[in-house]
Amino acid sequence: MRVEDRPREGAARPFKASLDAWSRAVKLAGGVGFGLKQLPRSDKLLGPGGGRGKWIAADCWPDCGSKGYNKAYVEDGVVVRMGTDDNIEDSWNRPQLRACARGQSLRLWLLGADRLKYPMKRKNWEPGGGQKELRGKDEWVRISWDEALDILAGELKRVKETYGNRAILANFVGTITARFLGAYGGFTEQWGGHSLGTWMNAIFFTGYEMQWSDRFDMVETKLFLLWGTNPVWSQAGLPAYTYWEAKKRGARFIAIDPFYNPTYEMLTDEWIPIRPGTDHTMLLGMMHTLVVEDDPSTNPLIDWDFMHRCTVGFDRDHMPEGVDSSENFVDYLLGKDDGQPKDAEWASEICGVPPERIRWLARELAKERDAVLCTSGGVARVDNADSLPQAFITLAAMTGHIGRAHSQLALAHHFGTNGGPQLVQGQNSRSYSNSHLRAPPVLNPLASNTMAGGLVVLPTPGCINIYEINSAVLNEQYTEVDGAKTPIDLRMIYHAHGSRVNQIPNTLEAIKAHRKVEFVVTQNMFMNADAIYSDLVLPVTSRWEREGNVCIGYREQLLWHSKVMEPYFECKDDLWIGVQLAKRLGVDPTIVEPWSWGQEIFNQVADARVMQDDGKTLEPLVTITEEDLAHFGFEGEPQVGRIPIREFQEKGIYHIPREPGDNHSFVYLEAFRNDPERHPTHSQSGKLEIHCQALADVVNNLGWAKIRPIPSYNPPLEGYEATFSDWPARIKGEYPLQIYNVHMPRNAHTFFDNATVMRELFPHEFIMNPADAEARGIANGDTVLVRSPWGKILRTTWVTPLVMPGVCVLGQGARVDLDEETGIDHGGCANVLKGGTLTGGGHSGFNSVIAQVEKWTGAPLRPDLDRGAIIPLPGERM
Ligand SMILES: Nc1nc2c(c(=O)[nH]1)N[C@H]1C(S)=C(S)[C@@H](COP(=O)(O)OP(=O)(O)OC[C@H]3O[C@@H](n4cnc5c(=O)[nH]c(N)nc54)[C@H](O)[C@@H]3O)O[C@H]1N2
Ligand SMILES: Nc1nc2c(c(=O)[nH]1)N[C@H]1C(S)=C(S)[C@@H](COP(=O)(O)OP(=O)(O)OC[C@H]3O[C@@H](n4cnc5c(=O)[nH]c(N)nc54)[C@H](O)[C@@H]3O)O[C@H]1N2
Ligand code: SF4
Ligand SMILES: [Mo]
């Protein structure tokens with residue numbers, strides 16, 4: 001039952017309008033950083049008090065792939081306006097760091113009805129569980145902090161003493177409370193990472209890291225292949241500005257993507273639609289073309305010099321020491337080992353791109369000296385795509401685009417398009433919570449002594465793969481790094497940061513797991529899906545209510561955010577919760593909080609460094625005088641730096657000046673290309689590994705897939721081939737459509753998803769091609785039921801040729817809203833449709849989903865905007 005049904009004004013707009021809304025909103029907020037002559041000056045935006053308040057640099061900290069500068073105008077303790085970066089004149093050399101529409105909605109979101117305001121417990125909770133099946137349906141009871149902390153401390157103690165610390169599964173990445181639980185004997189930790197898909201393992205083993213060349217180098221590029229990347233939505237801010245600058249200088253852009261997204265609308269000359277999860281076949285088809293057409297004297301297409309000096313595994317003549325020469329890549333391409341040449345015709349059958357286009361693109365890339373091959377984690381968030389990154393690396397290497405000026409293989413990820421050593425260096429994290437205290441880390445003894453609350457990326461003994469946690473709870477076993485199925489008895493789930501129920505595959509399984517354990521607690525700012533299925537909910541302060549934060553922007557900015565307002569209602573800091581638990585459970589609280597957060601931030605500002613014009617020497621960023629020390633009241637020493645500390649605090653941002661030809665330019669892997677012996681990569685061989693045994697070993701040891709050391713293609717479990725019941729005969733099956741996810745503008749995962757203004761600007765629609773819609777009698781705006789082998793959701797449609805036939809696009813991050821009677825999710829949570837099957841190196845396969853769609857004959861889906869706040873009041877049910 002929906003608990004609070006406050007009607008809200010305004011109706012959801014069709015998604016097409018939302019694109020216009022995005023550009024409008026972006027213009028208002030200046031998020032993309034171009035297309036605007038000049039922002040209105042902040043002094044024109046003052047509140048009703050007419051200027052008696054002040055602007056405060058206000059953090060925006062979602063995991064959004066970017067960093068924008070926001071400031072809040074505070075009058076009598078109340079935030080009345082939002083502003084963004086007008087601290088410097090905007091120019092290409094030194095761009096403002098403008099916020100996007102989400103950041104500018106922070107005021108409405110953080111001060112909205114949806115914020116958690118006081119601790120709550122589930123009415124029927126009792127030690128050990130208490131009608132556990134009512135999680136997600138029970139009434140909520142408001143309680144005091146004392147009672148809440150007593151309950152939590154009591155359950156931690158009970159579970160530890162009865163079952164041991166291993167029984168506590170904690171979702172803690174980036175949360176400072178982890179310091180407490182590390183010191184209290186540890187907890188079962190998770191390993192893995194969502195964002196990069198299979199690049200996560202590849203960047204550890206193949207020799208290619210996630211790095212970019214400097215933006216001044218990049219804008220001189222002549223040809224960009226944007227292979228599944230959408231910075232306008234998913235790296236809002238400066239990356240799109242760099243591409244735009246390159247375009248103004250005459251660069252050509254070609255997109256390879258199932259969806260003609262707004263980035264392509266802005267930049268591209270050509271769009272090559274491709275089925276999701278099939279990119280590997282197209283890459284192979286292109287490389288096959290190059291191998292059969294290359295002739296060093298008459299038609300040079302392959303950079304043999306680079307292949308020879310800088311790679312291993314390409315062909316029989318370039319194998320790593322001791323490896324059988326038949327395990328080489330070219331023989332695989334030519335079909336010498338399996339009888340199937342991976343030519344353009346073969347690829348076309350799977351990826352849907354005509355063979356001529358595949359061959360054309362291969363030649364275009366090989367013949368253009370200054371080209372960037374740019375892809376994203378999204379393309380690799382596919383089941384069984386473990387070898388895909390190597391295919392990209394091999395293509396970029398063959399065509400001569402690695403380690404040369406104006407050329408690169410670039411992984412469009414967070415903060416992309418501007419690589420090289422950080423020019424303004426600071427301590428803390430850009431997104432996520434405040435885990436990066438400079439005190440010695442507290443280790444987690446149950447996670448091979450990694451930092452408690454740190455990010456455990458690679459398979460680590462004792463830790464559970466992030467996508468296996470719910471099955472580990474339900475089936476009482478998990479997969480060790482050597483593949484051994486290992487018993488585990490998880491009794492408690494502690495969520496502090498992250499949104500596991502919603503954000504990892506198989507949300508319905510997650511709900512079952514949450515109803516099995518003896519205790520679930522969530523500390524959050526909002527009633528996210530984890531909180532809904534908890535026994536105890538602890539409301540935490542946002543970063544606006546804490547003593548500030550220091551973090552880097554892109555390569556060229558450092559930001560210092562200050563406290564904007566007092567804690568909202570009864571919200572408390574994560575750090576405070578950790579200290580209270582320590583006091584109750586006999587842990588030394590100074591381990592959790594060695595010094596105050598204010599002192600910590602002051603130390604970080606004092607330690608910030610900025611690069612001098614020589615491009616080599618770092619100097620302190622701020623000058624601190626005795627008077628400053630007295631003003632702040634923190635311990636410290638006077639020092640001489642580039643700008644006065646109070647000026648930095650007031651502005652909240654420092655931009656390093658840049659100009660073409662300065663000493664800060666950087667070309668990724670240039671030193672390696674010039675002299676691979678003196679500047680080896682971090683791979684086993686020191687080269688770029690087309691044959692990478694270390695990668696194959698990690699994946700194969702886990703036992704979820706079997707891969708070869710070379711980039712051979714493995715069809716995804718739920719990819720295009722799986723839409724057929726009989727692939728050789730091409731007979732379609734029960735789930736004939738492919739669905740994949742995008743990071744849509746409304747939200748950064750669950751962040752902002754419940755912000756009313758963002759819901760109004762950006763409806764979360766199910767995007768499908770007119771041919772697929774018409775075949776099912778579906779019109780634009782209809783409600784549809786989407787079914788996968790794993791779950792069902794309702795959404796309204798946006799029918800558009802901007803997505804290719806056979807493929808549907810669903811934004812990710814919307815909060816699940818399950819109708820328990822029908823089992824249908826009304827919230828449009830992507831992970832209700834995605835199964836929890838583990839593949840490969842334990843990466844996420846979010847973009848391989850198969851489904852069927854039908855017109856919904858029940859009542860039309862209520863627009864998200866009209867659904868009311870998502871927070872229960874005491875005495876109400878979820
Ligand atoms: N189907 C599908 N699923 C996906 C993806 C996809 O493409 N498709 N994308 C994946 C990707 S790339 C990622 S990175 C993940 C992200 O998944 P998560 O990291 O799990 O999701 P977030 O919404 O970023 O979680 C942040 C949560 O922390 C809370 N929070 C914020 N600040 C604080 C704080 O200071 N203290 C505490 N205690 N809580 C705080 C927020 O309110 C929010 O609930 O999602 C993944 N899930
Ligand atoms: N607005 C917003 N921005 C975000 C986030 C957010 O939640 N919201 N999350 C941030 C985080 S944590 C992450 S990891 C990044 C993710 O950043 P990305 O991975 O770059 O973002 P996506 O939107 O998932 O996908 C980018 C493009 O890849 C295409 N694509 C997806 N699958 C395939 C495929 O199989 N083949 C091809 N050729 N193209 C494909 C999509 O159509 C889309 O155009 O975004 C960050 N930025
Ligand atoms: S959501 Fe990201 S890009 Fe937008 S203002 Fe916040 S930090 Fe900047
Ligand atoms: Mo991510």
Side-chain angles (χ1 to χ4, degrees), residues 26 29-33 58-70 82 84-85 97-106 109 115-116 171-177 193-197 234-238 376-378 381 413-415 430-435 466-467 495-507 522-531 538-543 545-546 549 551 553 559 571 573-575 577 739-745 747-754 758 810-815 829-834 844-847 849:
V26 156
V32 177
D59 204 354
C60 184
W61 69 106
D63 188 13
C64 74
S66 193
K67 192 78 202 180
Y69 171 90
N70 287 276
M82 292 296 298
T84 184
D85 188 9
L97 194 66
R98 299 183 192 172
C100 79
R102 289 180 301 269
Q104 295 288 280
S105 78
L106 275 166
W109 183 56
R115 267 300 287 279
L116 288 168
N171 166 22
F172 261 175
V173 173
T175 311
I176 208 152
T177 321
H194 308 290
S195 306
L196 289 169
S234 64
Q235 282 92 41
L238 295 180
S376 74
R381 286 194 293 272
H413 189 55
H414 297 222
F415 320 100
R430 286 184 266 216
S431 58
Y432 275 65
S433 191
N434 303 315
S435 63
I466 186 170
Y467 305 113
H495 292 292
H497 215 280
S499 266
R500 289 286 187 269
V501 169
N502 215 69
Q503 292 304 107
I504 67 174
N506 209 343
T507 294
T522 296
Q523 64 194 47
N524 205 305
M525 301 177 301
F526 293 96
M527 199 75 192
N528 72 344
D530 296 342
L538 306 178
V540 298
T541 51
S542 73
R543 284 199 187 173
E545 296 139 65
R546 301 178 192 167
N549 193 48
C551 68
L559 293 91
C571 293
D573 297 357
D574 292 300
L575 185 56
I577 295 171
I739 296 185
Y740 79 100
N741 304 141
V742 289
H743 289 73
M744 58 177 166
N747 50 294
H749 313 296
T750 60
F751 258 75
F752 301 110
D753 176 57
N754 55 334
M758 296 309 291
L810 181 68
Q812 68 89 37
R815 202 199 60 166
C829 169
N831 287 311
V832 168
L833 300 175
K834 173 68 192 159
S844 51
F846 298 119
N847 289 334
V849 173

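As the structure lists them, so they are numbered: ligands from 1, and atoms in each ligand from 1. Computed from a predicted model, the values in this text were never measured in an experiment. In what follows, residues are counted from 1 in the order of the sequence shown.
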Exercise for the section: Ignoring hydrogens and angles, tell me if any N or O in the side chain of T84 forms a donor-acceptor pair with the backbone of A99 under 3.5 Å. Expected result: yes
Practice task
Would you mind running through ligand 1 and noting each atom that sits below 4.0 Å from a heavy atom of V540?
Solution key: 36 (N), 37 (C), 38 (N)
Exercise for the section: Pick one of side chain, backbone, both or neither for how C64 approaches ligand 3, counting any non-hydrogen atom pair under 4.0 Å. Expected result: side chain
Exercise for the section: Work out whether the distance between some heavy atom of H497 and some atom of ligand 1 is less than 4.0 Å. Expected result: yes
Exercise for the section: Using a strict 4.0 Å cut-off to heavy atoms of D574, name the atoms of ligand 1 that fall inside it. Expected result: 34 (C), 35 (O), 36 (N), 37 (C), 38 (N)
Practice task
Considering the heavy atoms of A99, write down every atom of ligand 3 situated less than 4.0 Å from one of them.
Solution key: 5 (S)
Practice task
Consider every N or O of N741 and every N or O of ligand 1, then say whether any pair is closer than 3.5 Å.
Solution key: yes
Exercise for the section: Could you tell me whether the side chain of R546 and the main chain of D573 form a donor-acceptor pair under 3.5 Å? Expected result: no
Practice task
With atom 20 (O) of ligand 1 as the reference point, say which of S844, G378, S499 has the nearest heavy atom.
Solution key: S499
Problem - Among D530, N171, T750, N831, side chain to side chain donor-acceptor pair (under 3.5 Å) partner for S499 - result: T750
Practice task
Please round to the nearest 0.5 Å and tell me the distance separating atom CG of N524 and atom CZ of R115.
Solution key: 9.5 Å
Practice task
Without swapping roles, check the side chain of N747 against the backbone of D753 for a donor-acceptor pair under 3.5 Å.
Solution key: no
Problem - Heteroatom distance test (S195, ligand 1): nitrogen or oxygen, under 3.5 angstrom - result: no
Practice task
Using non-hydrogen atoms of the residue, decide whether P62 is closer than 4.0 angstrom to ligand 3.
Solution key: yes
Practice task
Look at the side chain of H749 and the backbone N and O of Q503, then say whether any donor-acceptor pair between them is shorter than 3.5 Å.
Solution key: no
Problem - Atoms in ligand 1 with a heavy atom of D63 nearer than 4.0 Å - result: 14 (S)
Fill in the blank from the handout: the protein heavy atom lying closest to atom 1 (S) of ligand 3 turns out to be R102 NE, 3.5 Å
Practice task
Output the distance between atom CG (L833) and atom CD (Q812), rounded to the nearest 0.5 Å.
Solution key: 13.0 Å
Exercise for the section: List the closest protein heavy-atom neighbour of atom 8 (Fe) of ligand 3: residue, atom name, distance to the nearest 0.1 Å. Expected result: G68 N, 2.6 Å
Handout entry: Q523-ligand 1 polar pair, N/O distance under 3.5 Å
Key = yes
Problem - Lys/Arg-Asp/Glu bridge criterion (N-O < 4.0 Å) met for D59, K67 - result: yes
Exercise for the section: Give the numbers and elements of all ligand 1 atoms closer than 4.0 Å to a heavy atom of A830. Expected result: 1 (N)
Exercise for the section: List every atom of ligand 1 that sits less than 4.0 Å from any heavy atom of N524, numbering the atoms from 1 in the order shown and giving each element. Expected result: 29 (C), 41 (C), 42 (O), 43 (C), 44 (O)
Practice task
Quick one: pull up CG in L538 and OG1 in T177 and give me the separation to the nearest 0.5 Å.
Solution key: 9.0 Å
Practice task
Would you indicate whether the side-chain heavy atoms of M527 and L116 approach each other to under 4.5 Å?
Solution key: yes
Problem - Part of H743 with heavy atoms under 4.0 Å of ligand 1, whether side chain, backbone, both or neither - result: side chain
Problem - Contact check, side chains of I466 and I504, non-hydrogen atoms, under 4.5 Å - result: yes
Handout entry: Proximity to ligand 3 by part of N70, non-hydrogen separation under 4.0 Å
Key = side chain
Fill in the blank from the handout: shortest atom 4 (Fe) of ligand 3-to-protein heavy-atom contact is with C100 SG, 2.3 Å
Exercise for the section: Mark up the atoms of ligand 1 that fall under 4.0 Å of a heavy atom belonging to N528, in ascending order. Expected result: 44 (O)
Exercise for the section: May I ask whether R546 places a heavy atom under 4.0 Å from ligand 1? Expected result: yes
Problem - Test item: H497 and Q523 side chains (from C-beta on) under 4.5 Å apart, heavy atoms - result: no
Problem - Per-residue contact class, Q812 against ligand 1 - non-hydrogen pairs under 4.0 Å - result: side chain
Handout entry: Contact check, side chains of V540 and C571, non-hydrogen atoms, under 4.5 Å
Key = no
Practice task
Would you mind running through ligand 1 and noting each atom that sits below 4.0 Å from a heavy atom of M525?
Solution key: 31 (C), 32 (N), 42 (O)
Exercise for the section: Quick one: look at T750 and ligand 1, take heavy-atom pairs under 4.0 Å, and tell me if it's side chain, backbone, both or neither. Expected result: both
Exercise for the section: Number the atoms of ligand 3 from 1 as they appear, then name those within less than 4.0 Å of a heavy atom of C60, with their elements. Expected result: 1 (S), 5 (S), 6 (Fe), 7 (S)
Problem - Parallel, tilted or perpendicular: ring planes of W61 versus F751, cut at 30 and 60 degrees - result: perpendicular
Practice task
Report yes or no: does a heavy atom of A236 sit under 4.0 Å from some atom of ligand 3?
Solution key: yes
Practice task
For residues V849 and L810, determine if any side-chain heavy atom of one lies less than 4.5 Å from a side-chain heavy atom of the other.
Solution key: no
Completion exercise
Numbered in order shown, the ligand 3 atoms found under 4.0 Å of a heavy atom of K67 are 7 (S), 8 (Fe)
Completion exercise
Min over C571, G498, P62, P539 of heavy-atom distance to atom 28 (O) of ligand 1 lands on G498
Exercise for the section: For the residue pair H194 and F846, categorise the inter-ring angle as parallel (less than 30°), tilted (30 to 60°) or perpendicular (more than 60°). Expected result: tilted
